[in-house]
Amino acid sequence: MNPDLERRIRRYGTTVDAAAEAESARLTATAALPGVGGPRVVGSLDNVVPIARRRPRWSAIAIGVAAAAVLIAGLAAFVGRGRLSTDVADRPVDPTAAPVIEPSPATSPPLDSTPAVVPTAAAAPVTAAAPTTAAAPVNGPTAPDATDAGPQAPAASPRCPSYTAHNDYHLETCDSGVAVRLVQERLKVLVDSTLTVDGYFGPGTESAVRTFQLDRGLTVDGQVGPATWRLLVPDAPGTDLDGSGVVDPSEVVS
Amino acid sequence: MSAALRLAEDSRVAFAPADPNPQSFESFVADASIKLRRALVARYGVQLGVEAAAEAVAWAWANRERLVGMTNPVGYLYRVGQTSVRSQTRWQRAPLLPAEVHDVDAPLPDPDLRDALLRLTPDQRAAVMLVHAHGYRYAEAADLLDIPISTLKNHLHRGATRLRKLLGGAR
C-alpha cells in the first residue's frame, strides 16, 4: 500500500477510535439512567457457530419462503394492475421504467448471514416476471441510477408500502415532498454523493441523515427534526412565517 | 499440528488455556475488548459495533469457563458480537463511520476515505482497518476475525486494490 494512503488510513484509525470511545461513553451513560434496561440477556448468544459449520436455521428458511411468497403475490398485483403503487394520487405512472428503489449508499450484499435468502429470492421473481421492466434487483447494491429520468415514484419497498406527502417536522422514512427533496440535495453534497434526489425519503436518505447526525454530534435517529434541519438546511428558500428564526419544512417554497 | 507449534500458537493467547486465574482473565478481557470494538466497528459501524462489543464482553464474563478452554477465545468473541448484531437488526442498516478529519489548511482529499471504506465489503473493510488503521499484525488480525491468514491476505489485497481505485489519483 502506498505510504500516503497508509498514513491516511492510520490517521483515520484514530478518528474511528475516538468516535467509538464517544459512543461507548454515551452507551454507558444511557444504560445508567433509571428505567433504561441494562445489558440484554446474553444467554441467547450461546448458539454461536463458526462459519464453516453453519447450517441454515429453519426459522430463516421459513422467513425466506414467506418473503418470497409475499413478493410473488405483490408482483402479481403489480402486473395485474399495471401501476407502480396504489395509495398516493397523481403519481406519474411509467410501467416501462425500472422500479426505482432508493439506493442505500453503502448496502453491501450480505455475505454470510442468513437474510441472504431474501435478496436472492427477490431478484429471481423480479427478473423472471417483469420482462418489460429493466431487470433491476429490488434490494441490490447497484440500483440503476441511469433509468431515473425524473421524479418518479419509487416502487413500494418492504420498508415503505407507500409514501405520504409530509412537509413538517419530523421528516422521516416514507415521507415525500419538497422539504425531503431539499434535505436530499444537501445530504448529497455534504454526506453522500450517490444519493438520489427524488423527494422520496427512503432507507438511503435515512442512512445519510444518520451519518450527518453522527458527524455533527446530534442525536442519531434518522429523522429530520428541528435541530437536524437547522444544521442541514439553514438557508431554505421560503419565508419564516412563524418566527421560529428559520425557514421550517412547512414554509419551504419549491 | 505438532505439539511444539501448538504451544507456540497458545502462547499468543493472553492467558494460558485451562488456567482460569482471575487476574489473567481480566487482562485478557481488557485487551480483547479493545480489539473487539475495533473489529466490530470496522465491520458494522460505530453504533452497532460498540454495542456488539459491549455485548460480547458481557458474554465473556458470563461464560469465562468456556472461553478458558478455547484456542482462539477472542475470535469466538468476535463471532458472539456478530451474532448479537444479526439478532438485533431486522433490516440491514448501512454502517455508520465518522467522516475523515482533515488538516485545517490542507486541501480536502476527494473522494472521502470514509466513503471509499464504506464501499468495501464488510470483510475487506474489517481487514484493512485492523491491519492498516489500527496496526495489528496479520496473525493478530486473523485470530480476531477468526479466519485463516490466507483469507485475511485476500481481503487485504482486494480491499487495498479497491481503495486505490476508488481514491483514484488523489493522495
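Just so we're on the same page: letters track the sequence lines, and every chain starts at 1.
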Query raised in the report: If you measure from CG on A/Asp4 to CG on B/Leu167, what distance do you get to the nearest 0.5 Å?
Result: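 So the gap between those two atoms works out to 11.5 Å.
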
Query raised in the report: Quick one: CD on A/Glu23 to CD on B/Glu51, what's the gap to the nearest 0.5 Å?
Result: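 If I round to the nearest 0.5 Å, the distance is 8.0 Å.
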
Please name the pair of heavy atoms, one in [X] and one in [Y], separated by the smallest distance, quoted to 0.1 Å.
{"X": "B/Gln47", "Y": "A/Val220", "result": "OE1-CG1, 3.9 Å"}
{"X": "A/Leu27", "Y": "B/Val50", "result": "CD2-CG1, 4.0 Å"}
{"X": "B/Leu113", "Y": "A/Arg8", "result": "N-NH2, 3.4 Å"}

Report task. Taking heavy atoms only and a threshold strictly under 4.5 Å, list by residue number the residues of residues 127-134 of chain B that touch chain A; give 'none' if the list is empty. Result ->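 Against chain A, the residues of residues 127-134 of chain B that fall inside the cut-off (heavy atoms, under 4.5 Å) are B/Val128, B/Met129, B/His132, B/Ala133, B/His134.
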
Report task. Using non-hydrogen atoms and a 4.5 Å limit, figure out which bit of A/Arg7 sits close to chain B: side chain, backbone, both or neither. Result ->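 Neither part.
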
Report task. Give, as side chain, backbone, both or neither, the part of B/Leu117 having an atom under 4.5 angstrom from any heavy atom of chain A. Result ->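 Just its side chain gets close to chain A.
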
Query raised in the report: Non-hydrogen atoms of chain A under 4.5 Å away: do they reach the side chain of B/Val41, the backbone, both or neither?
Result: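 When you check distances to chain A, only side chain atoms of B/Val41 fall under 4.5 Å.
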
Query - Reference residue B/Arg114; test side-chain contact (heavy atoms from CB on, under 4.5 Å); the match among A/Asp215, A/Thr15, A/Val16 - result: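 Result: among A/Asp215, A/Thr15, A/Val16, A/Asp215 is the only option passing the side-chain contact (heavy atoms from CB on, under 4.5 Å) with B/Arg114.
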
Requested in this report: Answer yes or no: are there more than 12 heavy-atom neighbours, outside A/Lys188 itself, under 6.0 Å from its atom NZ?
Outcome: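 Yes, because the 6.0 Å sphere around NZ of A/Lys188 holds more than 12 heavy atoms from other groups.
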
Query raised in the report: Highest number of heavy-atom pairs under 4.5 Å with chain A: which of B/Val46, B/Leu156, B/Thr161, B/Leu163?
Result: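 If we count pairs closer than 4.5 Å to chain A, B/Val46 comes out on top.
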
